[in-house]
Amino acid sequence: MKGGSGGGGGVAPAKRRWRGLAIAVLFLVILSMLVPLGFLLGPHSGFHSAGHMPLQRPSPSDVLKGFVNEAKNETGSINATPKTQQKKGIPIPPQVVMQPFTSKNISRINGKAKMKSDVDESEGFCDLKYGSYCIWREENREEMHDSMVKKLKDQLFVARAYFPSIVKIPAQSKLSGELKQNIQEVECVLSESTTDADLPPEIQKKSRRMEAVIARAKSVSLDCNNIDKKLRQIFDLTEDEANFHMKQSAFLYQLAVQTMPKSLHCLSMRLTVEYFRDHLFDKELSEKYSDPTLQHYVIFSNNVIASSVVINSTVVHAIDTVNQVFHVLTDWQNYYAMKHWFLRNTFRDAVVQVLNIEDPDSYGKATLSHLTLPVEFRVSFPSNDSAPAINNRTQYVSIFSHSHYLLPEIFKNLEKVVVLDDDVVVQQDLSALWSLNMGGKVTGAIEICSVKMDQLRSYLGDHSFQKHSCSWMSGLNVIDLARWRDLDISETYWKLVKEQVSMKEGSALLATLLTFQDQIYALDRVWVLSGLGHDYGLDIEGIKKAAVLHYNGNKKPWLDLGIPKYKEYWKKFLNHEDQYLSECNVNR
């Protein structure tokens, strides 16, 4: 008896303990269900896209960071060395916006520029975020195709947003059935059609039925939170998709600007192969190359066609070509193609010398590890204090590269040269440049007084710039090499570059501006009309009257992205009968 009573006394407390544990577990289960429900129905129910995981897309935004600054004539072949394709530019200083790829706007307060973030693209600030791509996009905008397919997709999104709420209402069973049927029909049509041409003939009726059903669904009293969440999910999906395609388009645009077209790459390869097949043309006229009494033109280029157009247009408009000597400075990759092209093509009585600036055996210290072309900076700033950012004025300021500072060493016997960029077209005789009296100045250049030095001061630092002095352009430059040597311009430049090495991208710009301060002879503006590589609004009469057309900007005339109405002034100096141009499809 004692043992039985003792066993029964131990069971009762155990049952009470297990009953308590069961109640506690049940309480925890109920609590775990109520907490998420309270979160969803509470103050957090206004969150966007609740329960939605956005699509993970490979965004090219990181790649786009490499294209914040645009450099001129960096259009080398795809397999060119990174040094050759190195880009130059400067960041955003006050009063100056240097091609930003950020969602920021410039606001003006008391005449000073300040940054204003979170700018909506819909307000017209695409140019500030994506650069010149947006200008090109607006000029080349096409009508929307397949509008019916897009309309059906929109209707399908809205119908899917309403259907989950409609189907829960017993009184709307008929409407939910119609909505479901229309959704299935549109889904079936879109699964078989991607363009308007693929749509069945009765699609207009289906679209009207879907529209009518959606209108009825909107008239039903529903829980707005559910509809709001669904529509926000759809909106986020669409916004992510649009941003992805915008960034992708901007990246592809920059890629097209900076890579050499397939046709020009084909031409360079063909000419290189032909050069090694046939050496009969290889002859030199060294006595003319170093004669200081002749008119010497220098062109830095890695583009066969571009340099050929510069020479051809100069020769065509020259009164006397016997005294003309052209020196094309290029790199190893394009040296033999250039040699073969200019040996098999004649330009009246002018002679052409092709030099490899990367060959240390020929020029010793006057060589670089790689050819550097004239550098271009995109400068954008408000036209006045109250102007919106969309109306910013844009200039492409091109300056000398490292290669220019080797000119006195390469041409030791010459005292004066005219330097032409390979993105210019000559329309008049240039012989008058050789009789200019530059008053002891080192170089003659076109000044750009719309870009003042003090506007760049905040970025370039507090240097001894004259407050209202104008910036200047490469493109057409008359250089007094004798004066250059006397003032030791090259040594001054290299010293400044080393001092400003911490600035990286802006060091070349600052060093050049400081080196040539007070050494620029301002050429008459009638000599050069610039902007044909970015400005769609140039006056046609002004283009016809200009002595030299400068395609500064990233829409070079040899690119598909070039401005069509300006291309004709460049294309007319191509030899359309040339066999290689036809075979490589360069004439199109």
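In this chain, numbering begins with 1 at the start of the sequence shown.
- A donor-acceptor pair under 3.5 Å is absent between the side-chain atoms of N334 and the main chain of A337, judged by distance alone.
- With 3.5 Å as the limit, one finds no donor-acceptor pair spanning the side chains of T492 and Y405.
- Checked against a 6.0 Å centroid threshold, the rings of H534 and Y566 do not count as neighbours.
- Shortest non-hydrogen contact noted between W484 and S490 is NE1-OG, 2.9 Å.
- Of the possible donor and acceptor atoms, none in the side chain of H550 sits under 3.5 Å from a partner among the backbone N and O of L532.
- Ring orientation note: the planes of H296 and H327 are close to parallel, at an angle under 30° on the 30°/60° scale.
- If you take CG on N552 and CZ on R378, they are separated by 12.5 Å, rounding to the nearest 0.5 Å.
- Counting heavy atoms from C-beta outward, T330 and F300 have side chains that stay 4.5 Å or more apart.
- Between T314 and V316 the shortest side-chain heavy-atom distance does not fall below 4.5 Å.
- Looking only at distances, a side-chain donor or acceptor of K556 sits under 3.5 Å from a matching main-chain atom of Y551.
- In the model, H370 has no side-chain atom that pairs as donor or acceptor with a side-chain atom of D331 under 3.5 Å.
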- Begin with the C-alpha distance, continue with both residues' side-chain angles, and end with the deciding distance and a verdict on ring-ring contact (aromatic ring centres under 6.0 Å, His included) for Y521 and W472. CA-CA 10 Å; Y521 174 80; W472 54 275; over 10 Å; no

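- Formation of a donor-acceptor pair under 3.5 Å by the S401 side chain with backbone atoms of T372 is found in this model.
- Counting heavy atoms from C-beta on, the side chains of L559 and K555 never come closer than 4.5 Å.
- Here the closest heavy-atom approach between residue P292 and residue N413 is recorded as CB-O, 3.5 Å.
- Judged purely by atom type and a 3.5 angstrom limit, K339 has no side-chain atom pairing as donor or acceptor with the backbone of T272.
- Of the inter-residue distances, the one linking L294 atom CG with E287 atom CD reads 10.0 Å to the nearest 0.5 angstrom.
- Considering every non-hydrogen atom in both P557 and K567, the closest pair reads O-CE, 3.5 Å.
- No side-chain heavy atom of L476 sits under 4.5 Å from any side-chain heavy atom of I446.
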(request) Go through the steps for S263 and N585 under the test side-chain hydrogen bond (donor to acceptor under 3.5 Å, both in side chains), then give the verdict. (result) CA-CA 6 Å; S263 58; N585 199 25; over 6 Å; no

Does T443 form a side-chain contact (heavy atoms from CB on, under 4.5 Å) with I489? I'd like the steps, not just the answer. CA-CA 11 Å; T443 182; I489 294 294; over 6 Å; no

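- Nearest heavy-atom pair, L433 versus K416, reported as atom, atom and distance to 0.1 Å: O-NZ, 3.4 Å.
- Using a 4.5 Å heavy-atom cutoff, the side chains of V548 and V425 are not in contact.
- The side chain to side chain contact (heavy atoms under 4.5 Å, CB included) test with M473 singles out one residue from V528, I399, I448, and that residue is I448.
- Looking only at distances, no side-chain donor or acceptor of Q324 sits under 3.5 Å from a matching main-chain atom of V351.
- Between F516 and F400, the two ring planes are perpendicular [angle over 60°; tilted spans 30° to 60°].
- Ring geometry, Y297 versus W434: the interplanar angle exceeds 60°, so the pair is classed perpendicular (tilted spans 30 to 60°).
- The distance from atom NZ of K545 to atom CG of D539, rounded to the nearest 0.5 Å, is 8.0 Å.
- Within the 3.5 Å criterion, the main-chain N or O of D480 finds no donor-acceptor partner in the side chain of R485.
- A donor and an acceptor atom, one from each side chain of D422 and S307, are nowhere located under 3.5 Å apart.
- At distances below 3.5 Å, not a single donor-acceptor pair connects side-chain atoms of N323 with backbone N or O atoms of Q295.
- Between the side chains of N303 and S301, no donor-acceptor pair of N or O atoms lies under 3.5 Å.
- Side-chain atoms of W341 never come within 3.5 Å of backbone atoms of S308 as a donor-acceptor pair (strictly under, hydrogens ignored).
- Expressed to the nearest 0.5 Å, how far CG of N302 lies from CD1 of I357 amounts to 12.0 Å.
- A donor atom on one side chain and an acceptor atom on the other are found under 3.5 Å apart for H402 and Y493.
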message = As a quick check of understanding, evaluate salt bridge (charged side-chain N to carboxylate O under 4.0 Å, His left out) for E568 and K571, giving each step before the final call.
response = CA-CA 5 Å; E568 61 182 84; K571 280 189 172 183; over 6 Å; no

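- Checking side-chain atoms of D349 against main-chain N and O of V322 turns up no donor-acceptor pair under 3.5 Å.
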